[in-house]
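First up is the structure itself, then whatever we jot down about it.
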Amino acid sequence: MVPLQEGRDLMPRTLEGQITMEKTPSYFVTKEAPARISSMSKGTKLIVVVRDPVTRAISDYTQTLSKKPDIPTFESLTFKNRTTGLIDTSWSAIQIGIYAKHLENWLLYFPIGQILFVSGERLISDPAGELGRVQDFLGLKRIITDKHFYFNKTKGFPCLKKAEGSSKPHCLGKTKGRTHPDIDQEVVQRLRDFYRPFNMKFYQMTGQDFGWD
Ligand SMILES: Nc1ncnc2c1ncn2[C@@H]1O[C@H](COP(=O)(O)OS(=O)(=O)O)[C@@H](OP(=O)(O)O)[C@H]1O
């Protein structure tokens, strides 16, 4: 994360009728981020894309594995002690998915109405619907609709019919939508049990049921 003044200097000036956006996934889990952003601009609207924390952890691991193929297995990193089933909550892949805990930190500085939670699952199954919510939240006209997307069977994900400034279709790159390794189902179940209470708390805090169970 860049220091506040530097971060502000890097941001372009926002004129009347413009919206300045900044995307840094790690902000949601960075302890100092809410205070820093709030002191820069209290009215900032925040958008967080969340997905099932178990799939998120496996996705995170898959990304690391692609860069460092020699890391231990997902199963061995998950536990502090496999025999007792004690989960290693200090492993970032696990820690990041405890959304309720991170959200508590943001609610010290921002009202819940200023944060939009986008479902990662619906972003795939109904991209236009989810982007409709984003446009409404930002006070924009619903310009992006169903017409802008098609389902790419090879990629297995929705893609844009036409990329901005181009007449060609555009999918996200090779690093998005990687095949995940098969994980021991017992470990997956243990993680489901671990996250359940945090997920319930998160649904309660956001007033949204993300259907992760
Ligand atoms: N349209 C489309 N195409 C490809 N991928 C899609 C799409 N929509 C959502 N996703 C999901 O986005 C996941 C990658 O996002 P990340 O959060 O890792 O992105 S980022 O690196 O933090 O910017 C990526 O996770 P993985 O499947 O684990 O790669 C996808 O599940």
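If you read the sequence from its start, that first residue is 1, and numbering goes on from there.
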Within 6.0 Å of [atom1] in [X], more than 12 heavy atoms from elsewhere:
X	atom1	value
K42	NZ	no
D182	CG	no
Y109	OH	no
K162	NZ	no

For [X] and [Y], take the angle between the two ring planes, folded into 0 to 90°, and tell me which bin it lands in: parallel under 30, tilted 30 to 60, perpendicular over 60.
X	Y	answer
F202	F117	perpendicular
F28	W106	parallel
Y203	F210	tilted

Cluster check [X], [Y]: I/L/V/M/F/W/Y, side chain < 4.5 angstrom:
X	Y	value
I19	I37	no
I98	L77	yes
L140	L123	yes
I96	V48	yes
V54	I183	yes

Original post:
Centre of F157's six-membered ring, under 6.0 Å away, within 45 degrees of the axis: is that where NZ or CZ of K176 sits?
Top reply: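 Not satisfied by the 6.0 Å and 45° rule.
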Considering all heavy atoms, the nearest [X]-[Y] contact:
X	Y	result
T78	F74	OG1-O, 2.8 Å
I124	P158	O-CG, 3.5 Å
C159	H170	CB-O, 3.4 Å
P72	Y61	O-OH, 2.8 Å

**OP:** Please report the C-alpha distance between K141 and Q135 in whole Å, then the side-chain angles of each, then the deciding distance to 0.1 Å, and finally whether the side chain to side chain contact (heavy atoms under 4.5 Å, CB included) criterion is met.
**Re:** CA-CA 7 Å; K141 266 203 285 189; Q135 292 169 95; over 6 Å; no
Do the non-hydrogen side-chain atoms of [X] and [Y] ever get within less than 4.5 Å of each other?
X	Y	value
T175	Q63	no
F194	T89	yes
K101	K201	no
S90	Q95	no
R51	S59	yes
T62	P181	yes

Original post:
Of Y195, Y99, F198, which meets ring pair (Phe, Tyr, Trp, His ring centres under 6.0 Å) against W212?
Top reply: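 Running ring pair (Phe, Tyr, Trp, His ring centres under 6.0 Å) over Y195, Y99, F198 with W212 returns exactly one hit, Y99.
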Does this structure show an ion pair linking [X] with [Y], if we count only N-O contacts that are shorter than 4.0 Å?
X	Y	value
R190	D184	no
R133	E130	yes
R56	D60	yes
D213	R192	no

Subject >> Working for side chain to side chain contact (heavy atoms under 4.5 Å, CB included), residues L103 and T206 >> reply: CA-CA 9 Å; L103 179 55; T206 57; 3.8 Å; yes
Subject >> Side chain S166, main chain K168, donor-acceptor under 3.5 Å >> reply: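 Yes: the side chain of S166 pairs with the backbone of K168.
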Original post:
When you measure from the side chain of K155 to the backbone N and O of L172, does any donor-acceptor pair fall under 3.5 Å?
Top reply: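 Side chain of K155 to backbone of L172: a pair is present.
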How long is the span from the [atom1] atom in [X] to the [atom2] atom in [Y], to the nearest 0.5 Å?
X	Y	atom1	atom2	value
L46	Q114	CG	CD	6.5 Å
T55	H180	OG1	NE2	7.5 Å
L65	K68	CG	NZ	11.0 Å

Original post:
Knowing that exactly one of L107, I47, T44 qualifies, which makes a side chain to side chain contact (heavy atoms under 4.5 Å, CB included) with I115?
Top reply: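 Answer after filtering L107, I47, T44: L107.
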**OP:** Using the side chain to side chain contact (heavy atoms under 4.5 Å, CB included) rule, take I94 and I87 through it: C-alpha gap first, then chi angles, then the decisive distance, then the call.
**Re:** CA-CA 9 Å; I94 305 267; I87 286 177; 4.0 Å; yes
Original post:
Between T73 and S76, is any side-chain donor less than 3.5 angstrom from a side-chain acceptor?
Top reply: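 Yes.
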**OP:** Please determine, by modelled atom types, if T24 and E22 share a side-chain donor-acceptor pair under 3.5 angstrom.
**Re:** yes
